[in-house]
*Asks:* 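This is the structure, below, for whatever I ask next.
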Amino acid sequence: MPPPADIVKVAIEWPGAFPKLMEIDQKKPLSAIIKEVCDGWSLANHDYYALQHADSSNFYITEKNRNEIKNGAILRLTTSPAQNAQQLHERIQSSSMDAKLESLKDLASYSRDVTFAQEFINLDGISLLTQMVESGTERYQKLQKIMKPCFGDMLSFTLTAFVELMDHGIVSWDTFSVAFIKKIASYVNKFAADISILQRSLAILESMVLNSHDLYQKVAQEITIGQLIPHLQGTDQEIQTYTIAVINALFLKAPDDKRQEMANILAQKQLRSIILTHVIRAQRAINNEMAHQLYVLQVLTFNLLEDRMMTKMDPQDQAQRDIIFELRRIAFDAESETNNSSGSIEKRKSMYTRDYKKLGFIIVLENSSREDKHECPFGRSSIELTKMLCEILKVGELPSETCNDFHPMFFTHDKSFEEFFCTCIQLLNKTWKEMRATSEDFNKVMQVVKEQIMRALTTKPSSLDQFKSKLQNLSYTEILKIRQSERMNQEDFQSRPILELKEKIQPEILELIKQQRLNRLVEGTCFRKLNSRRRQDKFWYCRLSPNHKVLHYGDLEESPQGEVPHDSLQDKLPVADIKAVVTGKDCPHMKEKGALKQNKEVLELAFSILYDSNGQLNFIAPDKHEYCVWTDGLNALLGKDMMSDLTRNDLDTLLSMEIKLRLLDLENIQIPDAPPPIPKEPSNYDFVYDCN
């Protein structure tokens with residue numbers, strides 16, 4: 001008979017004693033369980049004790065998270081969060097440098113736990129840490145020369161603890177003084193050689209800017225782009241990532257009237273060129289976080305064009321008219337020079353009208369003549385192409401929290417949008433001629449041009465020259481071939497016999513897809529834990545057991561290179577306990593996180609497993625592919641249909657391949673729409689041979 005669902009078998013450790021095996025009744029109050037454990041070891045004052053996980057996290061067990069305890073878990077009896085916080089609060093103020101250093105190291109570790117963090121913050125611990133940072137340099141100034149390593153470690157642990165405590169969102173960022181900000185800003189220069197201090201200082205500056213308008217203004221006064229730029233010229237990609245993150249934060253929170261000014265400063269400091277040389281073209285792979293920050297910088301840079309994008313042409317604006325007049329002169333000056341000397345004003349006006357019509361400007365002058373039927377209207381094309389490019393680059397939209405889609409070629413020119421436009425307008429003119437288009441075909445041409453641009457961009461060309469060569473290989477003829485091929489894949493084999501054959505083999509293909517999804521779940525996936533900052537990423541890993549009975553999961557210090565073995569994942573969830581799989585807005589963590597709730601991209605990657613006793617396992621997939629794999633696999637485990645876009649695409653592809661393989665012998669044979677008629681029955685069956 002299986003044990004009751006509310007009983008969990010665990011091992012509990014206590015220093016200097018053998019581990020105690022016991023059954024925890026989840027219906028009992030946690031305090032009663034702790035008292036029972038203390039009585040077993042003859043420990044008085046059970047209120048001073050608590051249980052915590054004995055893994056690398058050391059997180060405390062509370063009434064809120066006790067349902068996460070699994071059978072076979074190893075717990076540790078330890079001092080309560082309140083007692084631990086009180087002791088560390090006193091120890092970090094010790095006059096002994098060794099004791100101070102050790103206590104700050106412990107504080108940095110314990111602060112990751114929200115239960116401990118709340119207790120330490122209740123003791124006004126954040127204020128104590130900020131005071132230590134503000135006064136620390138002066139207090140130990142005389143000791144720095146002889147104890148510099150010790151002082152650097154103390155400061156590093158202090159800043160780490162501060163970052164971890166603030167990450168829980170318990171304390172508002174608006175409470176910090178200018179003195180503290182000045183001190184953190186000074187570390188960006190003073191301790192540039194100390195990687196850990198520099199990392200945490202940059203992380204704190206970024207969080208200040210993103211979480212408080214007042215702090216943004218104070219940070220912007222204390223830190224200059226000139227102080228940040230040198231950190232991009234080193235070889236540490238993590239420091240480079242933190243640096244670009246601070247620049248992005250300052251860019252994002254700058255008032256509208258200050259953004260262009262900041263962009264000008266970045267141009268003067270040659271930020272783009274430095275990033276291109278020391279980051280994009282450095283001899284190392286760009287990790288996901290760096291790719292995200294480059295994408296954010298790309299979006300924010302293009303967003304500077306939003307005002308120009310939203311400004312309509314004003315026919316009464318003489319400056320704008322002069323630009324168009326100059327364009328007409330450049331385009332038609334050669335042929336008009338000979339006619340300008342003679343002829344009336346009316347004749348010249350008529351000639352100008354014809355020229356503007358040819359250029360495609362219909363708002364400059366009224367005109368009655370028609371342009372050459374096959375001329376590409378430059379003005380109209382330019383306007384519509386600009387709109388299209390702004391749409392492709394999502395000018396005016398805020399950067400996504402999860403996207404990594406940056407394009408190296410946009411970092412190769414200071415005027416990258418203008419260069420992009422110049423290449424694409426030449427493409428448009430070329431495609432217009434290849435299509436032998438007239439004005440009635442304008443929209444068709446624009447659709448083809450958009451397809452050419454999008455297909456070229458997906459290859460992530462490293463330079464504009466490479467982008468041009470990709471476009472050369474995507475002529476109108478090539479686009480027609482690609483479309484024809486895709487259409488054949490979609491529309492081929494639509495006759496009734498083929499459709500019946502598809503229906504017959506579809507279950508077999510779906511079973512193959514199901515096995516692939518389950519195999520991927522067995523391999524497992526590393527998931528990121530999203531918080532208010534993307535720095536110092538926390539990861540966790542989840543994978544399915546080979547017998548498809550249990551999900552193994554656990555926290556990781558860093559993203560793994562390859563698979564993670566089952567035995568290193570401490571937590572388990574039996575598949576039989578899963579009640580449901582929910583996605584998007586229905587996920588508990590999407591209802592809780594207000595900021596994330598507004599982010600469409602995060603919503604599209606969120607899914608949760610709901611299991612017994614109101615338990616939940618919340619995921620944010622690294623990308624859409626992993627989202628589809630996991631939701632499909634989990635639904636397959638629960639005996640439900642796999643409904644993702646990936647499954648539909650895989651099904652279409654595999655069905656098409658299987659049909660083609662089965663029809664190889666029928667090549668060039670016409671398949672009738674209806675089956676042949678059944679012949680009449682024979683008059684007798686004398687020809688039948690009885691084998692018996």
Side-chain angles (χ1 to χ4, degrees), residues 248 251-252 259 263 272 276 280 291-312 360 376-432 434-435 437 441-476 478-480 482-483 486 599-601 604 623-624 645:
N248 285 338
F251 215 144
L252 187 64
R259 285 184 186 168
R272 178 200 59 75
L276 182 67
I280 296 175
H292 171 73
Q293 294 301 337
L294 292 174
Y295 152 79
V296 172
L297 182 59
Q298 173 185 294
V299 171
L300 295 176
T301 303
F302 283 136
N303 279 358
L304 293 170
L305 303 170
E306 185 180 8
D307 287 342
R308 287 174 62 191
M309 178 181 74
M310 302 303 292
T311 303
K312 294 183 178 179
C376 178
F378 179 77
R380 183 185 177 192
S381 298
S382 299
I383 293 167
E384 292 302 318
L385 179 64
T386 302
K387 288 181 184 177
M388 181 200 294
L389 298 185
C390 288
E391 180 186 328
I392 290 172
L393 299 176
K394 299 182 179 179
V395 174
E397 295 185 21
L398 286 175
S400 159
E401 207 173 324
T402 58
C403 185
N404 300 333
D405 189 24
F406 86 97
H407 292 277
M409 74 178 192
F410 292 133
F411 289 85
T412 59
H413 287 271
D414 289 325
K415 299 286 185 182
S416 58
F417 186 89
E418 288 83 348
E419 294 286 346
F420 188 39
F421 171 85
C422 290
T423 300
C424 293
I425 195 68
Q426 293 175 59
L427 168 72
L428 192 153
N429 193 54
K430 174 174 172 283
T431 303
W432 185 283
E434 289 174 350
M435 293 177 67
D441 301 319
F442 186 85
N443 290 335
K444 292 180 182 177
V445 175
M446 296 304 292
Q447 289 172 4
V448 173
V449 169
K450 184 174 184 179
E451 187 173 346
Q452 290 170 313
I453 294 170
M454 294 297 290
R455 288 185 182 276
L457 283 178
T458 54
T459 64
K460 291 291 180 74
S462 60
S463 66
L464 277 166
D465 287 339
Q466 208 174 86
F467 177 65
K468 289 176 187 176
S469 66
K470 297 287 183 186
L471 292 177
Q472 288 294 327
N473 297 328
L474 286 169
S475 63
Y476 176 57
E478 186 62 28
I479 291 293
L480 285 180
I482 293 172
R483 286 181 174 179
E486 291 176 350
N599 194 308
K600 182 182 175 185
E601 289 79 5
E604 291 176 348
D623 52 51
K624 193 66 178 177
D645 294 339

*Asks:* So E391 and K450, side chain to side chain contact (heavy atoms under 4.5 Å, CB included) or not? Walk me through it.
*Replies:* CA-CA 10 Å; E391 180 186 328; K450 184 174 184 179; 2.8 Å; yes
*Asks:* To the nearest 0.5 angstrom, please state how far the CZ atom of F417 sits from the CG atom of L393.
*Replies:* 6.5 Å
*Asks:* Find out whether L474 and I482 are in side-chain contact, i.e. whether some heavy atom of one side chain is under 4.5 Å from a heavy atom of the other.
*Replies:* yes
*Asks:* Above 12 or not: heavy atoms from other molecules or residues under 6.0 Å from NZ of K394?
*Replies:* no
*Asks:* Between R483 and E451, is any pair of side-chain heavy atoms under 4.5 Å apart?
*Replies:* yes
*Asks:* Do you know which two heavy atoms are closest between F251 and A263, and how far apart they sit?
*Replies:* CZ-CB, 4.1 Å
*Asks:* Is the shortest distance from a Lys or Arg side-chain nitrogen in E434 or K430 to a carboxylate oxygen in the other one below 4.0 Å?
*Replies:* yes
*Asks:* Which heavy atom of L385 sits nearest to which heavy atom of C424, and what is that distance?
*Replies:* CD2-C, 3.6 Å
*Asks:* Locate the shortest heavy-atom distance separating Q466 from K460; write the atom from each residue and the value.
*Replies:* OE1-O, 4.4 Å
*Asks:* If we ignore hydrogens and angles and just use 3.5 Å, is the side chain of H292 paired with the main-chain N or O of C403 as donor and acceptor?
*Replies:* yes
*Asks:* So, taking the atom named CH2 in W432 and the one named NZ in K444, what distance separates them when rounded to the nearest 0.5 Å?
*Replies:* 11.5 Å
*Asks:* Do you know which two heavy atoms are closest between A437 and V445, and how far apart they sit?
*Replies:* CB-CG2, 3.6 Å
*Asks:* Report, one line per pair, each donor and acceptor closer than 3.5 Å where one atom sits in a side chain of residues 296-307; sequence neighbours left out.
*Replies:*
{"from": "Q298", "atom 1": "OE1", "to": "H407", "atom 2": "N", "distance (Å)": "2.7"}
{"from": "T301", "atom 1": "OG1", "to": "L297", "atom 2": "O", "distance (Å)": "2.7"}
{"from": "N303", "atom 1": "OD1", "to": "G396", "atom 2": "N", "distance (Å)": "2.7"}
{"from": "N303", "atom 1": "ND2", "to": "E397", "atom 2": "O", "distance (Å)": "3.0"}

*Asks:* Tell me whether Y295 contacts the main-chain N or O of S400 through its side chain, where contact means a donor paired with an acceptor under 3.5 Å.
*Replies:* yes
*Asks:* Could you tell me which residues satisfy ring pair (Phe, Tyr, Trp, His ring centres under 6.0 Å) with F467, sequence neighbours excluded, listed by chain and number?
*Replies:* F420
*Asks:* Quick check: do Q452 and V448 have side-chain heavy atoms less than 4.5 Å from each other?
*Replies:* yes
*Asks:* Nearest 0.5 Å, please: how far is CD in E419 from CG in D414?
*Replies:* 9.5 Å
*Asks:* Hey, could you give me the CZ/CD1 distance between R380 and I383, rounded to the nearest 0.5 Å?
*Replies:* 9.5 Å
*Asks:* Do N248 and Q293 have side-chain N/O donor and acceptor atoms under 3.5 Å apart?
*Replies:* yes
*Asks:* Just how far is it from atom CZ of R455 to atom CD1 of I453, taken to the nearest 0.5 Å?
*Replies:* 13.0 Å
*Asks:* Determine yes or no for a side-chain-to-main-chain donor-acceptor pair under 3.5 angstrom, with E478 supplying the side chain and N473 the backbone.
*Replies:* no
*Asks:* For a 4.5 angstrom cut-off between non-hydrogen side-chain atoms, does E384 reach N443?
*Replies:* no
*Asks:* Name all residues meeting the salt bridge (Lys or Arg N to Asp or Glu O under 4.0 Å) criterion together with D623; count only those two or more places apart in sequence or in a different chain, and write none if there are none.
*Replies:* none
*Asks:* Kindly indicate, with the supporting measurements, whether the criterion side chain to side chain contact (heavy atoms under 4.5 Å, CB included) is fulfilled by M409 and L457.
*Replies:* CA-CA 10 Å; M409 74 178 192; L457 283 178; 3.5 Å; yes
*Asks:* Indicate the atoms forming the closest heavy-atom contact of L471 with A456, along with that distance.
*Replies:* CD2-CB, 3.7 Å
*Asks:* If every non-hydrogen atom of T412 is compared with every non-hydrogen atom of S463, which pair is closest and at what distance?
*Replies:* CG2-CA, 4.4 Å
*Asks:* What is the distance from atom CE of M435 to atom CG of L428, rounded to the nearest 0.5 Å?
*Replies:* 10.0 Å
